[in-house]
Amino acid sequence: MKFAFYGRVSTEDHQDEQASRGWQLRRARQLIEPAGGVIVAEFFDVGHSRSLPWHRRPQASLLLLELKRPSRGWDAVVVGESARAFYANQFSNTFPILEHHQIELWVPEVGGRVDPDSEAHDMLMSLFGGMSKGERSRIKLRVKTAMADLTEREGRFLGGRPPYGYRLIDAGLHPNPEKAAAGIQLHRLEPDPATAPVVQEIFVSYLAGDGYRTIAQRLTNRGVPSPSAYDSRRNPHRSGRGWAFGTVRTILENPRYTGRQVWGRQPRFETLLDSNSPQDGYVTAQRWADPNNWVRSEHQAHQPLIDDLSYQQVQAMIANKGADRQRTERSPKTASPYLMAGMLTCDLCGRKMSGHRTDRRLGYQCRIRGTYALPADDPHPKTVWIAETKLVTATFDWLDEVFSPANRRRVLEQIATADTEPLPAVSQAVSDLKDAGQRIDRLVTAIENGVLAPEEVADKLHQLRDRKDRATAVLVAAETTTGQLEPKAIADLLDQLGGLVAVEATLTDDERRSVLEESNLSIRYNHDTRTALFKVDLARGVSVCVGGAT
Amino acid sequence: MLRLLRRSGMATRDAEPLTVSAESDPPVMTPGLARVFAGIFQRLLAQQRSTPEQGETAA
């Protein structure tokens with residue numbers, strides 16, 4: 001019997017991916033080989049939490065997609081350890097799918113094949129799912145409680161970057177004997193002579209009535225390096241050209257400048273991805289905690305840069321600002337209409353360009369002037385904006401090169417033999433599947449970033465899941481049909497239409513989006529010269545297509 | 001709106017053509033891109049096959 005192996009390793013506690021994969025495979029083989037089984041396909045998720053349901057783990061979701069294909073080449077799935085694969089009720093959500101497609105599941109804990117008619121097997125798998133969840137919950141609780149206690153009682157520095165204005169110094173060997181033997185030190189914050197006065201100046205200026213913009217502009221004009229410029233090694237993604245207005249606010253709101261260690265300001269918590277569909281699992285989001293719930297050290301843990309009273313005054317002033325009260329009133333966001341979101345960088349400052357609609361036209365703009373106080377002589381134009389239609393046309397013009405005479409024969413053969421389906425409905429379904437998946441990912445990201453509440457997008461998520469399911473059904477139904485493309489027919493069509501730019505005009509939005517996404521393209525746009533520099537990032541494409549574990 | 005755009009310099013810049021830099025990478029036909037193009041060309045060829053029949057009917 002031919003098996004597909006499924007395994008998973010979390011990288012959170014520094015597990016060795018190769019070693020973990022090795023022992024899981026070994027255990028799986030020990031289970032199936034006496035019965036004449038052989039592993040012919042491997043699906044191994046790296047760095048994905050067990051709490052994610054199968055359809056949200058890249059490799060497990062690929063396995064679920066593959067098992068619907070009659071040509072998959074295997075008839076059973078084997079795992080090396082039940083807890084690696086099934087968490088909480090994931091077994092009862094996943095096993096029926098395998099059963100439906102007549103795929104056996106082999107698990108070491110039951111000593112072989114899971115019998116769908118066995119009450120004992122069902123109970124055992126549910127028990128292991130519960131144990132898997134319990135193990136994770138215990139570790140989480142233990143770590144969180146210990147961190148809160150160490151902060152409150154000892155004021156211990158628990159990791160991360162020192163806040164601007166401080167630097168880290170050693171504070172003696174770690175109290176854990178094993179870590180101490182390895183030479184691991186505890187750390188403590190100490191005022192940085194170069195930046196501590198800047199923090200103090202920011203507080204004094206704000207108390208004197210200056211706003212974020214005024215303070216930021218003054219610091220920029222004086223040539224004071226911003227936090228990202230001062231620590232440029234750890235901020236290579238930031239230009240460091242000036243002080244961001246938001247940076248001033250972030251400094252003013254940081255309670256650690258009062259000398260106390262503070263933990264739990266922005267705790268991570270888990271919330272259902274879709275409150276109507278618990279089987280979709282949870283997402284981890286970060287939200288600002290109520291300041292009353294922050295864990296503060298009982299005593300001063302490091303030298304303060306600002307006294308308690310001044311800090312409290314600043315917080316009261318920030319809370320009373322009218323603009324800040326409005327910040328919480330966000331309108332629900334809709335899915336992005338931008339086809340090239342995330343692909344563009346401003347060549348003049350290196351910042352990502354964001355989607356921006358001007359006079360009903362979609363385009364991309366650089367917002368550096370709206371978020372940073374740049375030096376007076378900074379040459380960056382006030383407005384950098386490019387229409388999306390121009391970029392799309394330029395991209396297809398650039399892509400046309402792939403069909404150049406030198407490449408043409410090879411490329412057309414590649415397209416003709418591509419693993420695709422012949423019917424338009426099927427190609428539409430491929431686009432739908434991808435598009436719906438990406439939209440779901442975007443919503444998940446928005447929830448994780450705290451931009452959207454899960455309740456706000458529950459209906460939308462339902463619609464997208466339905467769309468995914470419908471597209472999957474079309475793909476499964478068309479499984480037996482094969483591609484009928486001929487390289488010559490494609491060549492004639494291209495010649496007849498006059499190249500790829502002409503083809504672009506005939507595309508649906510989903511097709512256009514798919515081409516742009518699969519082009520693995522990043523573009524640097526120079527507004528001064530009206531030039532676009534196209535770079536291909538194949539690693540992006542690889543991770544999207546097959547996942548990093550194979 | 002147009003006046004605002006002109007003041008910011010956007011209107012005039014927007015009218016200028018966009019040039020793809022000579023230093024740009026050549027495009028790469030990845031398996032993913034090939035699949036997308038295969039779907040597109042299949043649709044276009046299917047449409048093309050149906051078009052002459054309509055033309056004949058019209059004639």
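Letters go in sequence order (proteins before strands), and every chain restarts at 1.
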Exercise. Take B/V20 and A/D397 through the side-chain contact (heavy atoms from CB on, under 4.5 Å) test and state the conclusion after the steps.
Key: CA-CA 9 Å; B/V20 176; A/D397 197 27; 5.7 Å; no
Quiz item: What part of A/I523 lies closer than 4.5 angstrom to a heavy atom of chain B: side chain, backbone, both or neither?
Solution: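 For A/I523, neither part sits under 4.5 Å from chain B.
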Exercise. Please look at A/L412 and chain B and tell me whether the side chain, the backbone, both or neither of the residue comes under 4.5 angstrom of a heavy atom of that chain.
Key: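 Answer is neither: A/L412 stays 4.5 Å or more from chain B.
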Considering non-hydrogen atoms only, spot the tightest contact between [X] and [Y] and give its length.
X: A/I415; Y: B/A34; answer: CG2-O, 4.0 Å
X: B/S24; Y: A/A532; answer: OG-O, 3.7 Å
X: A/W398; Y: B/D25; answer: NE1-O, 2.6 Å
X: A/S519; Y: B/L33; answer: N-CD1, 4.1 Å
X: A/R530; Y: B/P17; answer: CB-O, 3.7 Å

Self-check item: Any A/V515 side-chain heavy atom under 4.5 Å of B/I40 side chain
Solution: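 When only atoms from C-beta onward are counted, B/I40 and A/V515 do touch, with a gap below 4.5 Å.
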Practice problem: State, yes or no, whether a side-chain contact exists between A/N520 and B/V28 at a heavy-atom distance under 4.5 Å. | Solution: no
Quiz item: Any sub-3.5 Å donor-acceptor pair from A/Q414's side-chain atoms to B/M29's backbone N or O?
Solution: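 Yes; at least one donor-acceptor contact below 3.5 Å.
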With rounding to the nearest 0.5 Å, note down the distance linking [atom1] in [X] to [atom2] in [Y].
X: A/K434; Y: B/R35; atom1: NZ; atom2: CZ; value: 7.5 Å
X: B/F37; Y: A/E518; atom1: CZ; atom2: CD; value: 10.5 Å
X: B/T19; Y: A/L533; atom1: OG1; atom2: CG; value: 12.5 Å

Quiz item: With the threshold set at 4.0 Å, does a side-chain nitrogen-carboxylate oxygen contact exist between B/R43 and A/E511?
Solution: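 Result for this pair is yes, salt bridge flagged.
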